[in-house]
Amino acid sequence: MYEQNYCFMCGSRLGLKNCGDEGMVKYCEKCGKFRFPIYSSAVSMVVFNRERSKILLIQQYGKKDNILVAGYINKGETPQQALVRELREEVSLDAAEWNYNASSYFEKTDTLIHNFVVVSESEDFRTKKGEVDNAQWFTIRESMKSIKPDSLAEAFLLKALRDRGFAEN
């Protein structure tokens, strides 16, 4: 995990200063400001078709693992805005509706991932070269068997399915 030792605004070395209930927090003497941890934020989504009988899984970056549609949240963007944008960018689909599912910190990329359950307007996806290598609709049962095992994507998928009565606890 990345350790923030320098101020992101002025580049000065950070010290520690008591910040009330927060305890000892990184502090920039030059800026006179506390510097809380900075990490990336992203969205991922369990994408259902309109009938909620299929789930869209993708493959990216030359890997054969089936994962969820996902992407980083841009500065000034909400997670909900990012999911609409990423769904359109990666597979040219529009979100008819969405609900929050779960979140998890992913240490490998120092990212907080917000996961949503999304219902797509249609099943007619198109992949964008450089974004997604392959995409495919799977039945509910197939999706549970096809998602990358022991992954955060699998954990998000299984939680969404359990919460909707598709999978056992």
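Every heavy atom of this structure was used, including side-chain atoms; hydrogens, water molecules and symmetry mates were not. Throughout, numbering of the chain's residues begins at 1 and tracks the sequence. Here the structure is a predicted model, which is why all the values come from computation and not from measurement.
- Remark: Arg13 engages Tyr6 in a side chain to side chain donor-acceptor pair (under 3.5 Å) (not counting sequence neighbours).
- Here the CG atom belonging to Leu157 is positioned 11.5 Å from the CG atom belonging to Leu152, to the nearest 0.5 angstrom.
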Test Cys31 against Ser12 for side chain to side chain contact (heavy atoms under 4.5 Å, CB included), laying out the working first. CA-CA 9 Å; Cys31 294; Ser12 296; over 6 Å; no
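- Judged by distance alone, with hydrogens and angles left aside, the side-chain atoms of Asn115 form a donor-acceptor pair with the main-chain N or O of Ser44 at under 3.5 Å.
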Evaluate the criterion side chain to side chain contact (heavy atoms under 4.5 Å, CB included) for residue pair Asn101 and Asp163; output intermediate values, then yes/no. CA-CA 9 Å; Asn101 184 39; Asp163 289 353; 3.9 Å; yes
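- Side chain of Ser151 to backbone of Glu154: a donor-acceptor contact under 3.5 angstrom is found.
- Note on Met144: it does not cluster hydrophobically with Ile67, by side-chain heavy-atom contacts below 4.5 Å among ILVMFWY residues.
- Under the 4.5 Å side-chain contact rule for hydrophobic residues, Val119 and Leu87 do not share a cluster.
- Residues Phe48 and Val91 fall into different hydrophobic clusters, defined by Ile, Leu, Val, Met, Phe, Trp and Tyr side chains chained together at heavy-atom separations under 4.5 Å.
- Between the CD atom in Gln80 and the NE2 atom in His114 there is a gap of 9.0 Å [rounded to 0.5 Å].
- The shortest side-chain heavy-atom distance between Leu93 and Arg88 does not fall under the 4.5 Å cut-off.
- Taking 4.5 Å as the limit, every side-chain heavy atom of Pro79 sits out of range of all side-chain heavy atoms of Ser41.
- Between Lys128 and Glu90 there is no salt bridge, since no side-chain N of the basic residue sits under 4.0 Å from a carboxylate O of the acidic one.
- No side-chain donor-acceptor contact under 3.5 Å links Glu22 to the backbone of Cys19.
- Lys159 and Ala102 make their closest contact through CD-CB, 3.7 Å (heavy atoms, listed as atom of the first residue, atom of the second, distance).
- Looking only at distances, a side-chain donor or acceptor of Gln60 sits under 3.5 Å from a matching main-chain atom of Glu131.
- Glu29 has its side chain out of reach of Leu14: every pair of non-hydrogen atoms, C-beta onward, lies at least 4.5 Å apart.
- The line from CD1 of Ile58 to CE of Met45 is 8.5 Å long, rounded to the nearest 0.5 Å.
- Proximity of Val47 to Leu68: side-chain heavy atoms (C-beta onward) are nowhere separated by under 4.5 Å.
- In this structure, Arg35 satisfies the cation-pi test against Phe8, with its NZ or CZ atom closer than 6.0 Å to the six-membered ring centre and inside 45 degrees of the ring normal.
- Smallest separation of non-hydrogen atoms from Leu161 and Ile55: CD2-CD1, 3.8 Å.
- Not a single donor-acceptor pair under 3.5 Å links the side chain of Lys17 to the backbone N or O of Lys26.
- Distance alone, capped at 3.5 Å, is enough to place a donor-acceptor pair between the Asp133 side chain and the Gly62 backbone.
- Side-chain atoms of Glu142 come within 3.5 Å of backbone N or O of Thr139 as a donor-acceptor pair.
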Assess whether side-chain hydrogen bond (donor to acceptor under 3.5 Å, both in side chains) is satisfied between Asp65 and Gln59, documenting all intermediate values. CA-CA 6 Å; Asp65 296 317; Gln59 296 172 342; over 6 Å; no
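- Two residues are said to be in side-chain contact when any heavy atoms from C-beta on lie closer than 4.5 Å; Trp98 and Leu83 meet this criterion.
- Atom NZ of Lys148 is surrounded by 12 or fewer heavy atoms from other residues, nucleotides or ligands within 6.0 Å.
- For Arg164 (side chain) and Ala160 (main-chain N/O), a donor-acceptor pair under 3.5 Å exists by modelled atom type.
- Here the shortest heavy-atom pairing between Cys10 and Lys30 reads SG-CD, 3.9 Å.
- Follow the hydrophobic side-chain contacts under 4.5 Å out from Val117 and you reach Leu57 in the same cluster.
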Side chain to side chain contact (heavy atoms under 4.5 Å, CB included) for Leu112 and Tyr39? Distances and angles first, verdict last. CA-CA 7 Å; Leu112 177 62; Tyr39 50 87; 3.4 Å; yes
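- Under the 4.5 Å side-chain heavy-atom criterion for Ile, Leu, Val, Met, Phe, Trp and Tyr, Trp137 and Ile140 are members of distinct hydrophobic clusters.
- Counting heavy atoms from C-beta on, the side chains of Val46 and Phe116 never come closer than 4.5 Å.
- In this structure the side chain of Val118 never reaches within 4.5 angstrom of the side chain of Glu97, judged on heavy atoms.
- In this structure, OG on Ser143 lies 11.0 Å from CD on Gln136, to the nearest 0.5 angstrom.
- Listed for the Asn49 side chain is a donor-acceptor partner under 3.5 Å among the backbone atoms of Arg52.
- Taking the side chain to side chain donor-acceptor pair (under 3.5 Å) definition, one finds that Glu121 meets it with Arg50, sequence neighbours left out.
- When Ile113, Thr111, Thr109, Asp110 are each tested for a side-chain contact (heavy atoms from CB on, under 4.5 Å) with Ser40, only one passes: Thr111.
- A 4.5 Å side-chain heavy-atom check between Lys54 and Phe138 finds every atom pair outside the cut-off.
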Verdict with reasoning, Val43 to Ile73, per side chain to side chain contact (heavy atoms under 4.5 Å, CB included): CA-CA 7 Å; Val43 293; Ile73 300 171; 3.9 Å; yes
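- In this structure a side-chain-to-backbone donor-acceptor pair under 3.5 Å is present from Ser122 to Asp124.
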